[in-house]
Amino acid sequence: MNTGPKQVKKASWWLLLPGVLAVLLLGAHYFRQSDDGMVVFCLACLGLLLRRITWGALALAGVLGFGAWEWVVTAQRLVGMRLAMGKPFVRGAGILAGVAVFTLLAGVLCWRYAKAIQGRKEQGSLHAKGAAPHAYISAVQAVAFLGTAFLLGWLRWRLPNLVPLLADRFFPGMGMVQVAGAAWYAAWVAGLLCQPAKAGRVRRRLWWLFCSVFFAQFALGLAGFSTFLMTGALHLPIPGMILFGPIFRGGGLFMVFLLLFSLMLLGSAWCSHLCYFGGWDALATNKQRIQPLSLFWQRAVRFGRPVVGLLGVAVALGLRVLGVEAYVAAMAGVLFGVVGLGITLLFSRRYGLMLHCTAYCPIGLIANVVGRVSFWRVRVVPERCTGCGVCERVCRYAALSPVERANGRSGFRCSLCRDCLGACPHGALRLGCFGLTHELATALFVVLVTVLHVVFLCTARV
């Protein structure tokens with residue numbers, strides 16, 4: 001019996017029909033509630049099926065799982081309302097329960113469709129050496145889509161007074177349109193980050209995009225457009241102020257908790273993916289050849305961040321005790337940022353190393369400390385390592401010296417950028433997480449990095 005691609009295609013197209021109908025029913029449900037944003041979101045989910053993409057069908061299966069839960073919640077509300085009115089409820093509850101079961105089964109059929117399409121792709125294509133299989137990439141993209149949609153939707157629901165999404169600020173009620181676009185973007189990004197040969201270049205470009213959007217909104221806030229500020233009040237966009245600001249103010253720990261939450265999930269990868277200032281350090285070093293450090297900068301890399309952190313804490317406490325005006329403290333913060341920017345422009349570019357991050361930024365030190373107790377590790381496979389030094393020549397954080405490679409893991413300053421993984425010609429470097437295989441650890445890491453990147457891109461404003 002022929003089981004080639006054409007046979008798979010003919011046998012699986014009908015599996016989509018219940019899913020399409022289930023999404024339309026959900027759209028009608030939200031239309032009846034006058035929730036135009038969710039109506040657009042449902043239509044965007046139908047777009048997942050316009051092309052025969054495996055991750056789209058998998059993501060739609062997850063959306064329909066949420067849809068089944070939505071119908072169950074609606075049934076519960078109907079029963080409660082009818083009981084309060086003293087009217088019968090069995091018929092209506094039965095209909096909604098049937099719709100919930102149908103929606104759930106439609107999700108299962110979408111999953112079956114994804115498996116069928118996956119089989120066709122695996123049969124009809126060959127993978128390049130070192131490339132991830134289609135099933136692996138598709139699963140990561142689907143989870144990134146769902147995770148982004150869920151987290152942004154949850155933030156939108158949980159923080160209605162803050163209005164975290166710009167779409168809601170400019171077009172009230174249409175935040176889910178932005179959520180849909182962000183989820184699609186997350187799936188695309190996750191697919192790129194799963195490809196070792198492209199991951200390093202893609203990471204840097206995504207980082208620069210985030211930094212550009214962040215500081216563009218800051219500039220608009222300075223120009224008087226308070227809509228682009230999260231709270232309507234200006235704050236200094238300098239990483240060190242996450243630590244020093246609350247010490248001076250004696251409160252305001254939201255950014256501290258957000259940083260710690262990100263570090264617990266990603267470890268020191270915060271520095272190489274989510275830091276809004278480090279992207280400029282990466283831009284300064286991009287395409288620059290790594291040069292040997294002078295004696296001064298060797299010592300600065302070892303001791304600079306602890307010294308800067310202690311001095312910053314002392315200054316913040318001193319200004320608080322003296323009761324100086326807020327603008328004086330702000331000027332001190334600006335001076336701190338200007339010095340950091342000068343290090344980036346003059347010395348990071350000169351040496352090809354991230355010297356702002358590794359020798360000056362106290363938040364980078366905190367990230368590295370947390371990274372040592374984090375469950376993420378870049379490990380060296382001794383049987384494969386030939387000592388060629390390619391990884392050391394691409395590491396902008398100076399975390400893969402011969403001594404560190406001999407120890408079987410990256411050094412203290414490692415930011416989990418993963419540039420070395422794609423550069424190693426022998427496959428001697430692996431990403432580790434508990435007892436997971438390299439492939440599963442990479443999948444989980446890419447999902448977390450992608451979701452947080454997109455959420456920060458949509459909500460990170462000063």
Side-chain angles (χ1 to χ4, degrees), residues 204 207-224 228-230 233-249 252 255-256 259 270-272 274-286 288 293-294 296-320 322 324-368 396-397 413 415 460-462:
R204 290 188 290 273
W207 200 8
W208 300 334
L209 171 66
F210 166 64
C211 294
S212 299
V213 170
F214 181 88
F215 280 99
Q217 293 182 104
F218 176 68
L220 289 170
L222 285 176
F228 291 94
L229 303 176
M230 181 59 77
L234 276 171
H235 302 277
L236 290 177
I238 302 169
M241 297 303 105
I242 298 176
L243 174 63
F244 304 144
I247 293 174
F248 170 74
R249 294 190 300 266
M255 286 300 297
V256 175
L259 172 66
W270 186 88
C271 291
S272 58
L274 303 174
C275 176
Y276 43 84
F277 206 91
W280 306 124
D281 213 21
L283 183 62
T285 62
N286 188 43
Q288 299 296 316
L293 291 174
S294 65
F296 171 81
W297 281 108
Q298 290 178 30
R299 292 175 176 173
V301 168
R302 292 184 62 186
F303 307 112
R305 294 183 298 178
V307 171
V308 170
L310 290 175
L311 285 176
V313 169
V315 170
L317 282 173
L319 294 176
R320 180 182 175 187
L322 293 174
V324 302
E325 296 291 335
Y327 78 89
V328 177
M331 290 299 101
V334 170
L335 177 62
F336 178 85
V338 169
V339 172
L341 186 60
I343 291 174
T344 292
L345 296 176
L346 297 177
F347 299 104
S348 294
R349 184 176 181 84
R350 175 181 175 183
Y351 289 106
L353 291 169
M354 307 273 288
L355 291 177
H356 172 272
C357 300
T358 58
Y360 183 72
C361 179
I363 300 302
L365 175 62
I366 294 173
N368 289 146
R396 302 288 183 180
Y397 295 87
R413 292 179 295 276
S415 69
R461 296 186 291 279
V462 294

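- Partners of Phe347 under the ring pair (Phe, Tyr, Trp, His ring centres under 6.0 Å) rule, at least two apart in sequence or in another chain, are Trp297.
- Of all the heavy atoms in Ala316 and Ile247, the pair that sits closest is CB-CG2, 3.8 Å.
- Partners of Leu220 under the side chain to side chain contact (heavy atoms under 4.5 Å, CB included) rule, at least two apart in sequence or in another chain, are Phe225, Phe228.
- Here the OG-CG distance, from Ser348 to Asn286, works out to 12.5 Å after rounding to the nearest 0.5 Å.
- Without hydrogens or angle criteria, Trp207 side chain to Gly278 main chain gives no donor-acceptor distance under 3.5 Å.
- Applying the ring pair (Phe, Tyr, Trp, His ring centres under 6.0 Å) criterion to Tyr397, with sequence neighbours excluded, gives no partner residue.
- Rounding to the nearest 0.5 Å places CD1 of Ile366 at 5.0 Å from CG of Leu243.
- Between the side chain of Asp281 and the backbone N or O of Cys357 there is at least one donor-acceptor pair closer than 3.5 Å.
- Looking at Leu365 and Val308, their side chains never come closer than 4.5 Å, going by heavy atoms from C-beta outward.
- Residue pairs meeting the side chain to side chain donor-acceptor pair (under 3.5 Å) criterion with at least one member in residues 306-318, sequence neighbours excluded, do not occur.
- You'll find the side chain of Phe277 stays beyond 4.5 Å of the side chain of Ile363, heavy atoms only.
- Legend: residues meeting side-chain hydrogen bond (donor to acceptor under 3.5 Å, both in side chains) with Thr285, ordered by chain and number and at least two apart, are absent.
- Applying the salt bridge (charged side-chain N to carboxylate O under 4.0 Å, His left out) test to Arg204 and every residue at least two apart in sequence or in another chain returns Asp419.
- Partners of Leu209 according to the side chain to side chain contact (heavy atoms under 4.5 Å, CB included) rule, which considers only residues two or more places apart in sequence or in another chain, are Tyr185, Val213, Leu457.
- Remark: the backbone N or O of Arg249 is not paired with any side-chain donor or acceptor of Arg320 at under 3.5 angstrom.
- Of all heavy-atom pairs spanning Val256 and Pro246, the tightest one is CG2-CG, 3.9 Å.
- Heavy atoms only, all atoms of each residue included: Pro362 and Gly240 are closest at CG-CA, 4.4 Å.
- For Tyr360 and Phe336, the ring centers sit closer than 6.0 Å to each other.
- Listed by first then second residue, pairs satisfying side chain to side chain donor-acceptor pair (under 3.5 Å) with a partner in residues 300-309 read Arg305-Asn368, not counting sequence neighbours.
- Heavy-atom minimum distance, Cys275 versus Pro239: SG-CG, 3.8 Å.
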Stepwise side chain to side chain contact (heavy atoms under 4.5 Å, CB included) test for Val301 and Arg413: CA-CA 9 Å; Val301 168; Arg413 292 179 295 276; 3.6 Å; yes
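- Atom CD of Glu325 sits about 11.5 Å away from atom CG of Leu319, to the nearest 0.5 Å.
- Expressed to the nearest 0.5 Å, how far CG of Leu222 lies from CD of Gln217 amounts to 12.5 Å.
- With sequence neighbours excluded, the residues forming a side chain to side chain contact (heavy atoms under 4.5 Å, CB included) with Val334 are Leu236, Met331, Val338, listed by chain and number.
- Taken to the nearest 0.5 Å, the CD1 atom of Ile238 stands 10.5 Å off from the SG atom of Cys361.
- Shown here are the side chain to side chain contact (heavy atoms under 4.5 Å, CB included) partners of Leu283, two or more places apart in sequence or in another chain: Trp208, Trp280.
- Taking 4.5 Å as the limit, some side-chain heavy atom of Pro237 sits within range of a side-chain heavy atom of Phe215.
- Ser272 approaches Ser415 most closely through the heavy-atom pair OG-O, 2.7 Å.
- Here the side chains of Val315 and Phe244 are not in contact, with every heavy-atom distance at 4.5 Å or above.
- Qualifying ring pair (Phe, Tyr, Trp, His ring centres under 6.0 Å) partners for Tyr276, counting only residues two or more places apart in sequence or in other chains: Phe214.
- Listed by chain and residue number, nothing satisfies the side-chain hydrogen bond (donor to acceptor under 3.5 Å, both in side chains) test with Thr358 (two or more places apart in sequence, or in another chain).
- For the pair Leu341/His356, no side-chain contact is recorded, criterion being any heavy-atom separation below 4.5 Å from C-beta on.
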